[in-house]
Amino acid sequence: MIQNILTGLNAKQKEAVEAIQGPVLIVAGPGSGKTRVITHRIAYLIKTWDIHPRRILAVTFTNKAAREMEDRLFGKGEKDSVTPLLSYSMRGQLTVGTFHAICARFLRIDGHHIGIDRNYTIYDDGDRLSLIKRALEQLMLDVKTHPPRPIQYAISEVKNKLLTPEDKASQSESYFDEVRQRVYEKYEQLLNDNNALDFDDLLMKTVQLFEAHPEVLAKYQSRYLHVMVDEFQDTNLVQYTLVKQLAGKHRNICVVGDPDQSIYSWRQADIRNILSFERDYTNVKTIYLEQNYRSSQTILEAADCIISANISRKEKALWTKNQQGAHITVAELYDEREEAQYLVSEVEKLISTKRYKLTNCAIMYRTNAQSRAIEEAFIRYGLPYRLVGATKFYDRREIRDILAYLKLVNNSADSIAFLRIVNVPPRGIGQKSIKELARVATDNEISLYEATRRLVAKNERTSLVKKFKVFLDIIDELMAKAKNTDAAGLIDLVLMNAGYKDYILTGEAGEDRLDNAMELRAVADDFADLGPEGSLAALLEGVALVSDVDNLDEKIDAVTLITLHKAKGLEFPIVFIAGMEEYLLPHIRSFDNAEQMEEERRLCYVGVTRAKERVYLVRALRRHMMGVSSSNEPSRFLDDIPEKLIGTPQQPKVHKGFLKAGDKVRHETFGDGIIVASFPAKDDQEITVAFKGGVGLKRMMASMANLERI
DNA sequence: CGAAAGGCTCTTTTT
DNA sequence: GAGCCTTTCG
């Protein structure tokens, strides 16, 4: 059974779905059914206008969003909970994905036109930092005087703004700019030597490919009759250019976005792209989706009060038919520990009403560092949580090691991969040996792998050569077997033949790490039907381009802990925003810049508008940041919410769970005392208090004791 | 050569 | 307070 495509849409949504010709700009407020419009629009093109799915390109912000879109359109093939819009047989024909994933695919196919090998490696953040460090080393520059991180930002900025290195060079002023320039050039050379592209290259090189080879661009232009881009407010210049190129022929381009939710300017995203859009394309049809289906009246009103304080913004009138709903809760706690305990106990309260499940609750915060205190509280109380993206799966050592083996097999020029595993497991190859090998490589202008081959081929019986031969044999065997072994099979070989399994098992938490390795193997196995070469390429590419939210597993009943940035695009019945303080939200780094301050406000707006039913804005008076404790004023954003929308929570004299050793308290009969110990106990706290005046030690439950803090 | 210990700088947000 | 790098010792 297939749904009718236009039923159940409101007038504006219908208009957006039916506007299939020419440039269309959909300004979609939070909760306005944006995803629905996009999927229905695609279904409408395919079903009503008989457009072949192969001729549609849809760009999403995360892989997860891409997957969900496909699920909604074509179903999952199993027993679907929602009726798909189209038949399952069409699945896989549409081009959907993030800019990065789509460009990676283009370059795999057509990169050779601009000298990109089809087996190129994608370097992630860590890899590019290593490469910058190596560039500094080779230029004999000190890492301390030239920290790699800012250099990387600068390079990234250049690439995302489509400046050539020369552009940047011409405007360089200081000594540091000049150094940066030299590092940039060296870095590019190293990338090239390693047959590798960084994240930004994926986009920039695609634009360059299209510029240099109009015939390649023409191929894609003709194919993609319809182009759609989600989260358009967060596109940067490369992305904007790419879209312009691809839609250049048919000009059926539909972009969806909300300027008020633009929160990635630090990644060179530019809200002005929305304005440029109306300028660059003639006869743009602009449609505003203003009816909100997600949040209560109260939440929407509060959100509007927050965002309205931004000066540079287009007025928008969001409205909803939803109920007034509960008041916004604003809570103030002593420090981040108490804040965390408060969050846990509020979640427990909500759960105990049986109206909500843990999955319905999300705790959002500005910085990743804030998650620790919250996690600790959840662990103490034994409440399940899911932390989006702290220790990323693919960042784990064992995963990176195994992937390095696979990367080297796939691309022998990848020296970052080579160096990572040449001595893992230990083969007695240390600094000195590697220095020697590196000399051979630079002298002959060959990769480290090639250098190893030459060294071993000389057949000298030195211990150095013997050690390298052991490693070379392992890699060569993997390379040989890779011709008829798929990615999962290669992982088995790394574990067994390369001795990696024994190696991790002897180390700390060996079993867990082996479990992780097997999880990676399971991921690889998903690509099995692509055959030996295909599965390896697909695994490496997939792994390089996943985001944290992609792996958000909703099946387990647990509270979600997530940064405000990552929360974009998600929704929850209950939203807690922790750390509603000056210097944190808004973040201290935005204080000297009015534009950045407005972005902080939008970030807050994004957080509040994730909520359907209840919002808690929580702050702490004191907070440990980078070791030291400091006190923070309440966030200015709290001042923008009118009193009438805020419900004052009935604060018990001392909230249960708030007491810690060292706190001075007063008891009705025992008098004054000091807490010497406290233990969490289910939803309460068992405390031991030393009272004055000969009363002595008393042990009591915090909720029953009726203590007053003094 | 490798493991362990101490010292250093950072944390805004991420495809 | 943690990760990363360097130094030190076996």
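Every value quoted in this text rests on a predicted model; they were computed, and no experiment measured them.
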statement: Regarding the side chain of A:Arg372, the nearest nucleotide among B:dT15, B:dT13, C:dA2 is C:dA2
- prompt: Among the nucleotides B:dT12, B:dC10, B:dT14, which one has an atom lying closest to any side-chain atom of A:Arg589?
  reply: B:dT12
field: Criterion side-chain hydrogen bond (donor to acceptor under 3.5 Å, both in side chains) against A:Glu581, the qualifying member of A:Arg619, A:Arg623, A:Arg636
entry: A:Arg623
- prompt: Could A:Asp71 and A:Lys64 be called an ion pair, given the rule that one side-chain N must be under 4.0 Å from one carboxylate O?
  reply: no
message: Applying a 4.0 Å non-hydrogen cut-off, can you work out what A:Tyr365 is touching in the nucleic acid: base, sugar-phosphate, or nothing?
response: nothing
message: If you go through the side-chain atoms of A:Trp266, does one of them form a donor-acceptor pair with the base of B:dT13 closer than 3.5 Å?
response: yes
query: Whole Å only: how far is the CG atom of A:Leu237 from the C1' atom of B:dT15?
result: 17 Å
task: With heavy atoms under 4.0 Å as the rule, sort A:Ile429 into base, sugar-phosphate or nothing.
output: sugar-phosphate
query: Hey, does the side chain of A:Ser433 come within less than 4.0 Å of B:dC1's phosphate (OP1/OP2), counting only N and O?
result: yes
- line: Side-chain contact check for A:Asn368: nearest option of B:dT12, B:dT14, B:dG2 is B:dT14
message: Using a heavy-atom cut-off of 4.0 Å across all strands, would you classify A:Asp200 as base, sugar-phosphate, or nothing?
response: nothing
query: Taking N and O atoms by type only, does the side chain of A:His587 place a donor or acceptor under 3.5 Å from a partner on the base of B:dT12?
result: no
statement: Atom CE of A:Met597 and atom C1' of B:dT13 are separated, to the nearest Å, by 15 Å
query: Hey, is A:Lys34 close enough to A:Asp258 for a salt bridge, meaning N to O under 4.0 Å?
result: no
- request: Could you state the atom-to-atom distance from CD of A:Gln370 to C1' of B:dT13 in whole Å?
  value: 11 Å
task: For a salt bridge (charged side-chain N to carboxylate O under 4.0 Å, His left out) with A:Asp127, tell me which candidate from A:Lys407, A:Lys133, A:Arg134 qualifies.
output: A:Lys407
- prompt: When the distance from CG of A:Asp198 to C1' of B:dT14 is rounded to whole Å, what number comes out?
  reply: 14 Å
field: Closest to side chain of A:Lys133, choosing from B:dC1, B:dT15, C:dC5
entry: C:dC5
- prompt: In whole angstrom, what separates A:Ile132's CD1 from C:dC5's C1'?
  reply: 17 Å
